[in-house]
Amino acid sequence: MKIRVNLARRIYLGRRPVLVGYGIIMLLLAAWLFATLRYMVIAHDRSFVAADQLRQLESNSGAGEPLPATRKIDPQRLAAEIAASNEILEMAKPRWVGMLDRLEELMVPGIQLRSLTPDFPRGQLRLELAARDPEALAAFLTSLQGYGPNSQVRLLSQMLQAPAADQPPALICRVELQGGL
């Protein structure tokens, strides 16, 4: 009895699968080369067409002529137009910036402003607030009474919001500020 042991560590592949794999790779590379060459020919043809169109435009416009002189602008007229535009913008600008600055000055720690709804025809401003505790809400309402000389504060509604898993309960209030705009 004769025992044969193969001590070779490499696994040798058959010649046919390797040649088929090489053939597939060569076909893919040939297809990629064909597509690239086709794109280059098309781009080259387009560049000739664009160059012909450019030459035609240059001949039609009289390439030897200088460009027309820029229009002279009267600085005083321009300044008057800018001033008139700025005046229109000032008249149309809402008073949001001043109103929001004033509310920010009156804000008390522990109060969260959730919504702000203006009513321009009535001159009212409605606020929805969330307060951590009633003392913070009372302090904010007191400071809100000093918002403006003709402003009046009305508490429209209040409710206790059930606490979320990671938040303390909040007191939700709707307040109307008459004369806030």
Side-chain angles (χ1 to χ4, degrees), residues 35-36 39-40 42-43 46-47 49-51 53-181:
T36 303
Y39 174 75
M40 286 177 54
I42 290 172
R46 285 183 184 171
S47 70
V49 170
Q53 289 175 349
L54 183 61
R55 272 191 238 109
Q56 193 176 34
L57 286 174
E58 286 175 351
S59 67
N60 289 344
S61 69
E65 298 175 10
L67 293 174
T70 58
R71 186 176 61 158
K72 301 259 180 178
I73 297 175
D74 182 22
Q76 294 173 345
R77 188 174 135 239
L78 182 62
E81 288 177 6
I82 291 173
S85 299
N86 286 341
E87 188 175 318
I88 291 170
L89 288 174
E90 275 300 315
M91 288 175 15
K93 181 175 79 172
R95 299 174 295 264
W96 283 99
V97 174
M99 179 183 62
L100 292 174
D101 283 343
R102 183 72 178 132
L103 281 174
E104 187 176 3
E105 289 173 6
L106 298 173
M107 201 53 71
V108 173
I111 297 290
Q112 178 187 21
L113 183 62
R114 290 197 171 173
S115 73
L116 181 81
T117 310
D119 186 3
F120 289 108
R122 292 183 182 175
Q124 295 177 346
L125 183 64
R126 291 189 181 189
L127 308 169
E128 185 176 323
L129 310 164
R132 291 185 195 159
D133 53 39
E135 291 82 19
L137 179 63
F140 179 71
L141 291 177
T142 303
S143 68
L144 197 59
Q145 287 177 350
Y147 178 81
N150 298 327
S151 62
Q152 298 175 352
V153 179
R154 276 188 4 185
L155 183 63
L156 298 176
S157 67
Q158 63 181 357
M159 66 179 180
L160 187 62
Q161 183 180 17
D166 59 345
Q167 295 178 349
L171 185 61
I172 307 296
C173 300
R174 288 191 179 88
V175 177
E176 183 180 80
L177 181 62
Q178 181 70 34
L181 298 176

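What you see is a predicted model; the values in this text were computed from it and never measured. One is the number of the first residue; the rest follow in order along the sequence.
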- Message: Do Leu144 and Leu103 make a side-chain contact, defined as non-hydrogen atoms from C-beta onward lying under 4.5 Å apart?
- Response: yes

- Item | Residues that Glu128 engages under side-chain hydrogen bond (donor to acceptor under 3.5 Å, both in side chains), provided they are two or more places apart | none

- Side chains of Leu113 and Leu129: does their closest heavy-atom pair fall under 4.5 Å? yes

- With sequence neighbours excluded, tell me which residues meet side-chain contact (heavy atoms from CB on, under 4.5 Å) with Arg126. Thr117, Arg122, Gln124, Leu156, Glu176

- Task: Measure across Pro109 and Ala136 and return the closest heavy-atom pair with its distance rounded to 0.1 Å.
- Result: O-CB, 3.7 Å

- Query: CG/Leu160 to SG/Cys173 distance, rounded to the nearest 0.5 angstrom?
  - Reply: 10.0 Å

- Message: I'd like to check the salt bridge (charged side-chain N to carboxylate O under 4.0 Å, His left out) partners of Arg55; sequence neighbours left out, ordered by chain and number.
- Response: Asp52

- Note on the structure: Taking every heavy atom of Leu171 against every heavy atom of Pro134, the minimum-distance pair comes out as CD2-CA, 4.4 Å

- Message: I'd like to check Leu57 versus Gln53 (side-chain heavy atoms, cut-off strictly below 4.5 Å). Are they in contact?
- Response: no

- Please identify each residue that fulfils side-chain contact (heavy atoms from CB on, under 4.5 Å) with Ala138, with sequence neighbours left out. none

- Go through the structure and list residues passing side-chain contact (heavy atoms from CB on, under 4.5 Å) with Thr142, not counting sequence neighbours. none

- CZ on Arg174 to CE on Met159, rounded to 0.5 Å: 5.5 Å

- Only counting residues at least two apart or in another chain, list the ones meeting side-chain contact (heavy atoms from CB on, under 4.5 Å) with Ile82. Leu78, Asn86

- Query: Has Arg154 got more than 12 heavy atoms of other residues, nucleotides or ligands less than 6.0 Å from its CZ?
  - Reply: no

- So how far is it from Leu127 CG to Leu155 CG, rounded to the nearest 0.5 Å? 11.0 Å

- All salt bridge (charged side-chain N to carboxylate O under 4.0 Å, His left out) counterparts of Glu104, not counting sequence neighbours: none

- Message: Once side-chain hydrogen bond (donor to acceptor under 3.5 Å, both in side chains) is applied, do any residues pair with Gln76, and if so which ones, sequence neighbours excluded?
- Response: none

- Message: For the CD1 atom of Ile172 and the CG atom of Leu137, what is their distance to the nearest 0.5 Å?
- Response: 10.0 Å

- Distance (rounded to the nearest 0.5 Å) between Gln152 CD and Leu177 CG: 9.5 Å

